[in-house]
Number of protein chains: 2
Amino acid sequence: MSDLLERLRERGWRLTAQRRVVAEVLDGDHVHLTADEVHARAAERLPEISRATVYNTLRELVHRGEVLEVSTDGRAKRYDPNAHRPHHHLLCARCGSIRDVHPTGDPLANLPAAQSFGFTVLEAEVTYRGICPDCAA
Amino acid sequence: MSDLLERLRERGWRLTAQRRVVAEVLDGDHVHLTADEVHARAAERLPEISRATVYNTLRELVHRGEVLEVSTDGRAKRYDPNAHRPHHHLLCARCGSIRDVHPTGDPLANLPAAQSFGFTVLEAEVTYRGICPDCAA
DNA sequence: ACCCTACATTGGACAGGATCTAAGGCAAGG
DNA sequence: CCTTGCCTTAGATCCTGTCCAATGTAGGGT
Ligand SMILES: [Mn+2]
Ligand SMILES: [Mn+2]
Ligand SMILES: [Zn+2]
Ligand SMILES: [Zn+2]
């Protein structure tokens, strides 16, 4: 994740302790934390970090395309550092856990032009729902 | 929509003026109203209806499978009476308007078993995003 | 090494969406 | 008609996320 920070610094991003910690928390695979979860984990390393800064930082990382915002249900949005390999999500309907999945085919190709209603269609997002192994037991 | 009310009454649902009005507001195709929009339209016919009752009624209709809840991105959820014909949605990223779409193919078939992570996969929901004709102008 | 200053951080106020509560209202079976 | 258990209501409360004015600081310039 230090690649990320270096990249952003070169684009004029000030490297602060808070931003570094948020980036560290978001490092890894299958990470889909809510803003408050990011704040809680960041606060373990940097107790005085504020919620506002976490929200600011996440908003900018999303805006710069380094982090994806995933709105699952009507609940809190989740933040996904796996922004460079396009993928979709498999959700547990019971506990809300999320896994990255890579389905075959392009869902955009499945939308006939006659179904576009004059929209400029930009992306297709697939959400699979089911019951995870833990919840099935 | 009176079919719906009759069905529910037989299952022990009390038929009140408020519930009748909410059901009437939700009648039709391509209806994807927010709870507040439902409340506003219901209040035209029944001025004293409260927001709480609209929320209560919508929650129950969703729970009984008569209405779909569509969570758009961070905005208010939308309520969709078209619950009996499976379909997907095309969403304007700018103004939040929604259209029903019927893509070809079955997205469930595009998820390889190796990608299931032990989940029992139940459904796949596709959200197309773009810019609607009004917002493009 | 030290200054500057433009940019970042902070706590708390604020806002929209949705749920909860306790008190009073009413559908519908008897 | 009564009765009773479910419904409705206004308002409080919760949750997520944004905004603000005051304070702090990264990092380029000297
Ligand atoms: Mn992901
Ligand atoms: Mn629909
Ligand atoms: Zn689960
Ligand atoms: Zn639009």
Side-chain angles (χ1 to χ4, degrees), chain A residues 2 5-25 32-43 45-64 67-80 96, chain B residues 2 5-25 32-43 45-64 67-80 95-96 98:
Chain A
S2 57
L5 292 175
E6 195 53 32
R7 238 184 299 153
L8 292 171
R9 202 183 58 73
E10 280 165 13
R11 292 193 219 154
W13 226 49
R14 280 198 194 166
L15 204 34
T16 67
Q18 290 85 349
R19 288 173 171 181
R20 216 185 304 263
V21 167
V22 168
E24 282 170 15
V25 165
H32 302 94
L33 298 170
T34 65
D36 268 347
E37 287 166 349
V38 171
H39 178 246
R41 298 198 186 188
R45 293 158 170 264
L46 190 67
E48 66 274 22
I49 191 172
S50 73
R51 286 194 334 125
T53 293
V54 170
Y55 275 105
N56 288 342
T57 304
L58 289 173
R59 174 157 16 91
E60 287 175 38
L61 289 173
V62 168
H63 192 250
R64 288 163 193 251
V67 165
L68 294 177
E69 207 173 50
V70 183
S71 21
T72 55
D73 42 18
R75 293 265 172 210
K77 290 177 196 160
R78 295 184 171 270
Y79 293 88
D80 184 345
Chain B
S2 55
L5 292 175
E6 195 53 31
R7 238 183 300 152
L8 291 172
R9 203 185 56 74
E10 281 166 11
R11 290 193 220 155
W13 226 50
R14 281 203 192 161
L15 204 33
T16 68
Q18 291 85 347
R19 288 173 171 182
R20 215 185 307 263
V21 168
V22 168
E24 283 169 14
V25 165
H32 302 93
L33 298 170
T34 65
D36 268 348
E37 287 166 350
V38 172
H39 177 248
R41 299 197 185 187
R45 293 159 170 261
L46 190 66
E48 65 274 21
I49 191 173
S50 73
R51 254 172 266 272
T53 293
V54 171
Y55 274 106
N56 287 342
T57 305
L58 290 173
R59 172 156 20 89
E60 286 175 39
L61 289 173
V62 168
H63 191 251
R64 288 163 194 252
V67 165
L68 295 177
E69 204 173 52
V70 184
S71 333
T72 62
D73 314 298
R75 307 178 212 234
K77 289 177 198 161
R78 295 182 170 272
Y79 293 88
D80 184 346
C95 70
I98 304 189

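Predicted, not measured: the structure shown is a model, and the values here were computed from it. In what follows, chains are A, B, ... by sequence order, proteins preceding strands, each numbered from 1.
Separating the CG atom of A:L46 from the P atom of D:dT25 is a distance of 11 Å, rounded to the nearest angstrom. Across the protein-nucleic acid pair, B:D73 atom CG and D:dT16 atom P stand 17 Å apart, rounded to whole Å. The CD atom of A:E48 sits 12 Å away from the P atom of C:dT9 (whole-angstrom rounding). Atom CG in B:L8 sits roughly 15 Å away from atom C1' in D:dC7 (whole-Å rounding). Spacing between atom CG of A:L5 and atom P of C:dA8 amounts to 14 Å, rounded to whole angstrom units. Per the geometry, CG belonging to A:L58 stands 12 Å off P belonging to C:dT9, to the nearest Å. One atom, CD of A:E10, and another, C1' of D:dG28, lie 16 Å apart when rounded to the nearest Å. Distance A:R20 CZ to C:dA8 P: 14 Å, rounded to the nearest Å.
For the pair A:L8 and A:E6, the minimum side-chain heavy-atom distance is 4.5 Å or more.
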List the steps, then state whether side chain to side chain contact (heavy atoms under 4.5 Å, CB included) holds for A:L33 with A:R41.
CA-CA 10 Å; A:L33 298 170; A:R41 298 198 186 188; 3.7 Å; yes
Can you check side chain to side chain contact (heavy atoms under 4.5 Å, CB included) on A:T53 and A:T16, steps first, answer last?
CA-CA 11 Å; A:T53 293; A:T16 67; over 6 Å; no
Let's go through A:H32 and A:Y79 carefully: what are the C-alpha distance in whole Å and the side-chain angles of both, what is the deciding distance for side chain to side chain contact (heavy atoms under 4.5 Å, CB included) to 0.1 Å, and is it a yes or a no?
CA-CA 5 Å; A:H32 302 94; A:Y79 293 88; over 6 Å; no
Base versus backbone protein contacts along nucleotides 18-30 of chain C [heavy-atom cut-off under 4.0 Å; B, S, -]
BBB-----BBS--
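Of the candidates B:V67, B:T57, B:V25, B:I49, B:V25 is the only one forming a side chain to side chain contact (heavy atoms under 4.5 Å, CB included) with B:V38.
Between B:K77 and A:D73, none of the side-chain N atoms (NZ, or NE/NH1/NH2) sits under 4.0 Å from a carboxylate O, so this pair counts as no salt bridge.
For the pair B:Q18 and D:dT9, the criterion of a side-chain N or O lying under 4.0 Å from OP1 or OP2 is met. Between D:dT8 and B:S50, no contact under 4.0 Å exists linking OP1 or OP2 to a side-chain N or O.
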